[in-house]
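Here's the structure we're looking at; comments come further down.
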2 protein chains.
Amino acid sequence: MRLSKRGEYGLRAMIMLAGSARENEPLPVVQIKEISQREQISSKFLEQILLTLKNAGLLHSKMGVGGGYYLARPASEITLGQIFRVLDGPVAPIKCVSQMAYEPCGCPDEQTCGLRLVMGDVRNAIVDILDHTSLEDVAKRREAVRQSLGLASL
Amino acid sequence: MRLSKRGEYGLRAMIMLAGSARENEPLPVVQIKEISQREQISSKFLEQILLTLKNAGLLHSKMGVGGGYYLARPASEITLGQIFRVLDGPVAPIKCVSQMAYEPCGCPDEQTCGLRLVMGDVRNAIVDILDHTSLEDVAKRREAVRQSLGLASL
DNA sequence: TGAAAGTCTACTAATTCCATAGACTTTATA
DNA sequence: TATAAAGTCTATGGAATTAGTAGACTTTCA
């Protein structure tokens with residue numbers, strides 16, 4: 001039940017971009033190099049990941065001097081589920097319960113397959129979290145933890 | 001977030017064994033060949049899986065003529081989580097939130113890592129289901145679905 | 001004693017994962 | 001307008017994992 005490095009790095013990068021947004025300021029444009037340094041990710045690998053996210057419409061970019069990446073939409077409108085699916089594919093643990101990529105599994109009778117019933121629950125539980133957690137939610141939550149630990153805001 | 005074939009087949013086999021138990025009768029002993037036919041699984045592959053489950057203490061076996069596999073404990077005392085972990089390893093999507101196999105991930109500050117907070121929730125949601133669903137629960141639930149579909153009991 | 005069952009270990013083909021490399025395009029600015 | 005700074009795109013490669021096969025071995029019962 002593992003999140004891939006692609007998924008991990010992509011989510012971390014998006015969370016970082018959302019976290020460096022300041023109120024009443026334009027969305028910050030951040031370079032690959034800076035993200036890769038702050039998050040300790042191979043910049044060449046990250047490059048691919050950000051490009052994928054861009055082609056999926058979750059990031060925008062600016063080329064050339066002073067360029068970089070920035071969120072395609074406000075952080076409140078991008079969910080972790082969207083990011084996850086772009087990088088790691090369907091959320092469902094088994095294809096026969098996938099909404100996005102249904103395929104029958106080999107069980108004799110799908111309607112009464114016990115495994116399918118339970119894995120459907122698992123899928124729903126994961127989707128509930130990932131699709132209802134926006135980048136803004138993550139940023140707020142992290143901020144709350146920081147506060148409770150008595151740390152400064154950055 | 002995928003369940004492997006190993007995990008799928010193993011869970012299906014265990015569920016089948018639990019489902020073929022009859023009240024007030026000894027736990028049925030079922031041969032690999034029969035399981036593999038009923039569940040459409042390569043019998044050589046299934047053999048390995050059942051052996052792993054046996055070595056983990058979830059199954060018992062009888063060698064020789066009339067032999068086969070049977071549950072090591074009553075179906076109510078074996079959870080899907082136990083089976084899953086034997087075959088597919090830790091449930092957590094990322095090691096830094098794993099109870100069974102914790103390892104730090106590369107994030108700059110683990111305590112305030114937003115991804116870690118959310119993946120902790122995901123882990124808990126999955127564990128809640130898998131560790132609180134026994135083979136007996138699955139059998140009962142399947143039976144309920146059968147009833148509601150107006151099907152016979154086997 | 002022989003057939004029916006599980007046990008155990010090794011092997012392999014295919015796929016996926018985690019990158020790395022390098023040539024290319026776009027843009028700001030000196 | 002040249003140049004450096006940034007993203008774009010495609011190919012390649014090693015390592016690990018996955019899903020299975022093969023085959024020799026052991027145990028048990030009739």
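A, B, ... follow the sequence lines: proteins, then strands. Residue 1 opens every chain.
Between the CG atom of A:L87 and the C1' atom of C:dC18 there is a distance of 14 Å, rounded to whole Å. For the pair B:F45 CZ and C:dA13 P, the interatomic distance rounds to 17 Å; values are reported in whole Å. Distance, A:I49 CD1 to C:dA19 C1': 9 Å, rounded to whole Å. Distance CD (B:Q31) to C1' (C:dA4): 8 Å, rounded to an integer number of Å. The separation between A:E8 atom CD and C:dC17 atom P is 14 Å, rounded to whole Å. Computed from coordinates, the A:D88 CG to C:dC17 C1' distance equals 11 Å when rounded to whole Å. Rounded to a whole Å, the NZ atom of B:K5 is 15 Å from the C1' atom of C:dA14. For the pair A:E47 CD and C:dC18 P, the computed distance is 17 Å after rounding to whole Å.
Remark: the backbone N or O of B:S4 is paired with a side-chain donor or acceptor of B:D88 at under 3.5 angstrom. Within the 3.5 Å criterion, the main-chain N or O of B:C113 finds no donor-acceptor partner in the side chain of A:R12. No donor-acceptor pair closer than 3.5 Å links the side chain of A:T133 to the backbone N or O of A:L130. Between the B:N124 side chain and the B:D121 main chain, no donor and acceptor come within less than 3.5 Å of each other. Counting only distance, with no hydrogens or angles, the side chain of A:R6 and the backbone of A:Q48 share no donor-acceptor pair below 3.5 Å. Looking only at distances, a side-chain donor or acceptor of B:R116 sits under 3.5 Å from a matching main-chain atom of B:E110.
Exactly one of B:D131, B:I129, B:L11 qualifies for a side-chain contact (heavy atoms from CB on, under 4.5 Å) with B:L80. That residue is B:L11. Applying the side-chain contact (heavy atoms from CB on, under 4.5 Å) test between B:L50 and each of B:L58, B:V30, B:I35 identifies B:I35 as the sole match.
Two residues, A:G7 and A:K44, neighbour DNA chain C, and the one matched to the more 5' nucleotide by heavy-atom proximity is A:G7. Positionally, the nearest nucleotide of DNA chain C for B:L50 lies more toward the 5' end than for the other of A:S43 and B:L50.
For A:Q48 against C:dC18, no side-chain N or O and base N or O form a donor-acceptor pair under 3.5 Å.
Between A:S42 and C:dT20 there is a side-chain polar atom (N or O) within less than 4.0 angstrom of OP1 or OP2.
Put simply, chain B comes within 4.0 Å of DNA chain D, heavy atom to any atom, from D:dA19 to D:dC29, going 5' to 3'.
Only A:S61, A:K62, A:M63, A:G64, A:V65, A:G67, A:G68, A:Y69, listed by number, bring a heavy atom of residues 60-73 of chain A to less than 4.0 angstrom from any atom of DNA chain D.
Summarising the geometry of A:G66 relative to A:V29, their closest heavy-atom pair is O-CG1, 4.2 Å, with the distance given to 0.1 Å.
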